[in-house]
Q: 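Before we start, here is the structure in question, set down as structure tokens.
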Protein chains: 2
Amino acid sequence: MAESTDTIFEQFPGGVFPAACSSRVLLDHVMSKWGVLVLVSLTDGPQRWSDLRRRAQGISEKMLAQTLKTLEADGLVHREQQPVMPPRVDYSLTPLGEDLAEVLVPLLRWVGRNADAIIGPATT
Amino acid sequence: MAESTDTIFEQFPGGVFPAACSSRVLLDHVMSKWGVLVLVSLTDGPQRWSDLRRRAQGISEKMLAQTLKTLEADGLVHREQQPVMPPRVDYSLTPLGEDLAEVLVPLLRWVGRNADAIIGPATT
DNA sequence: CAGAATCCATGAGGATACTG
DNA sequence: CAGTATCCTCATGGATTCTG
């Protein structure tokens, strides 16, 4: 298993990404507290604003709006508004977003599998 | 490839992790700005404090200390101090940390591959 | 070298209220 | 329903100084 985990520095000889490069920016978007949850939530299929609020428990409207805008600007999330009253908007992963999800989900699974053992069943 | 990306909710029927559960806590540790960089940096082998500072460009001493402590408390990073003068301390991944790295590195690779196209070659 | 401790600024992020 | 706007708090995180 070593050949897939110890070669990442070949791509980034300058360190773990030079500071202030595009990788760092994208990393912050993708790895942000809410970005991860929104992206993974959307792997379940297109969802509406209120769905996402329910899925990503604890997210505020401000953060949801901000997160969705960032991910949309990055081309990871697609926003589809229907001009009806009351308004209806669906969010979904773009092909690029789905591609990202394929490497993101294994990480989330790992966290889910190990969280209780590492952190403890309840934070209290 | 669908069967591996659309079933994550089976494990977490309550949403994308209920708020304030152990998964959220661990997720924040692992996905934190500097946590990722330190963990991935250590996939390259054991490293000293000053190595890590150089690898994770832009990290402050405070953040490096804080990050390492969290990751060590989580059992992801091993700290080995040699009682010599001047002090020498080596950090490395624990088996658990290596396990995590195997799902983390593909994500980092993805970010490295797509960052320029998504964000733009220079943030300026 | 490998940190600990302190101070301080910024902005991430929450609560609330309002709108189309 | 799907947001926007505003205010405000507190924690992230940088800079600096000190120590074993």
Side-chain angles (χ1 to χ4, degrees), chain A residues 16-20 24-39 41-42 45-74 77-92 123, chain B residues 15-20 24-39 41-42 46-74 77-92 123:
Chain A
V16 183
F17 305 152
R24 285 284 186 91
V25 176
L26 180 56
L27 197 62
D28 281 352
H29 292 181
V30 166
M31 310 288 275
S32 75
K33 183 183 178 70
W34 301 117
V36 184
L37 294 180
V38 166
L39 285 169
S41 185
L42 287 174
Q47 281 162 65
R48 307 175 60 178
W49 170 276
S50 44
D51 293 331
L52 289 171
R53 280 216 70 184
R54 238 168 293 119
R55 291 286 184 112
Q57 286 182 26
I59 195 173
S60 66
E61 299 191 330
K62 178 182 173 181
M63 280 304 104
L64 180 54
Q66 186 174 305
T67 302
L68 284 171
K69 266 182 193 169
T70 302
L71 296 178
E72 196 194 349
D74 289 346
V77 165
H78 174 67
R79 182 196 135 106
E80 183 141 20
Q81 177 164 10
Q82 281 152 40
V84 299
M85 221 7 219
R88 162 163 189 140
V89 181
D90 286 273
Y91 292 94
S92 55
T123 325
Chain B
V16 182
F17 306 151
R24 287 281 187 94
V25 176
L26 181 56
L27 198 62
D28 281 351
H29 293 181
V30 165
M31 311 286 276
S32 76
K33 180 183 180 71
W34 300 116
V36 184
L37 294 180
V38 167
L39 285 168
S41 185
L42 287 173
Q47 282 161 64
R48 306 175 60 179
W49 170 276
S50 43
D51 293 332
L52 289 171
R53 280 215 69 184
R54 239 168 294 120
R55 292 287 185 110
Q57 287 181 25
I59 194 172
S60 67
E61 299 192 331
K62 181 183 172 181
M63 281 304 103
L64 180 55
Q66 185 174 306
T67 301
L68 284 170
K69 265 183 191 167
T70 302
L71 296 178
E72 195 194 352
D74 289 345
V77 164
H78 174 67
R79 183 195 135 106
E80 184 140 20
Q81 176 163 13
Q82 280 153 42
V84 299
M85 213 21 212
R88 160 161 190 141
V89 183
D90 286 274
Y91 293 93
S92 55
T123 324

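Below, chain A is the first sequence line, B the second, and so on; all start at residue 1. Values below: every heavy atom of this structure, side chains too, minus hydrogens, waters and symmetry copies. Here the structure is a predicted model, which is why all the values come from computation and not from measurement.
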Q: Starting from P on dG3(C), measure out to CD on Q47(B) and report it in whole angstrom.
A: 14 Å
Q: What is the distance from NZ of K69(B) to P of dA2(C), rounded to the nearest Å?
A: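 About 16 Å, once rounded to whole Å.
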Q: Under 4.0 Å between a side-chain N/O of R88(B) and OP1 or OP2 of dA2(C), yes or no?
A: no
Q: Show the nearest heavy-atom pair for residues V77(A) and Y91(A), with the distance to one decimal.
A: CG1-CD2, 4.0 Å
Q: Could you walk me through whether R48(B) and D51(B) satisfy the salt bridge (charged side-chain N to carboxylate O under 4.0 Å, His left out) test, starting with their C-alpha distance in whole Å, then the side-chain angles of each, then the deciding distance to 0.1 Å, before giving a yes or no?
A: CA-CA 5 Å; R48(B) 306 175 60 179; D51(B) 293 332; 5.4 Å; no
Q: If an axis is fit to five pairs at each end of the helix from dC1(C)-dG20(D) to dG20(C)-dC1(D), what is the angle between the two, to the nearest 10°?
A: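 Terminal axis comparison yields 50°.
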Q: I need the residues from residues 30-38 of chain A with at least one non-hydrogen atom less than 4.0 Å from DNA chain C; give them sorted by number, or say none.
A: W34(A)
Q: Give every residue pair that meets the salt bridge (Lys or Arg N to Asp or Glu O under 4.0 Å) criterion with at least one member in residues 56-65 of chain B, sequence neighbours excluded.
A: R53(B)-E61(B)
Q: Less than 4.5 Å apart, any side-chain heavy atom of L37(B) and any of L52(B)?
A: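 L37(B) vs L52(B): side chains apart.
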Q: Would you indicate what R53(B) reaches in the nucleic acid, counting non-hydrogen atoms under 4.0 angstrom: base, sugar-phosphate, or nothing?
A: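 No contact.
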Q: Looking only at heavy atoms, what is the nearest atom pair of A56(A) and R24(B), with distance?
A: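 Minimum heavy-atom contact is C-NH2, 3.9 Å.
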Q: Calculate the interatomic distance between Q82(B) atom CD and dC1(C) atom C1'; express it in whole Å.
A: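 To the nearest whole Å, that distance equals 12 Å.
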Q: Students should find this one: the first and last nucleotides of DNA chain D, 5' to 3', lying under 4.0 Å from a heavy atom of chain B. What are they?
A: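 Nucleotide range in contact with chain B: dG13(D) to dG20(D).
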Q: Between the protein and nucleotides 17-20 of chain C, list the N/O to N/O atom pairs that are separated by less than 3.5 angstrom.
A:
unit_1: dA17(C); atom_1: N6; unit_2: E61(A); atom_2: OE1; d: 3.4

Q: Take the protein atom CG of L68(B) and the nucleotide atom P of dG3(C), then report the distance between them rounded to whole Å.
A: 8 Å
Q: Within the sub-3.5 Å range, which N or O atoms of nucleotides 7-12 of chain C have a protein N or O partner, and how far apart are they?
A:
none

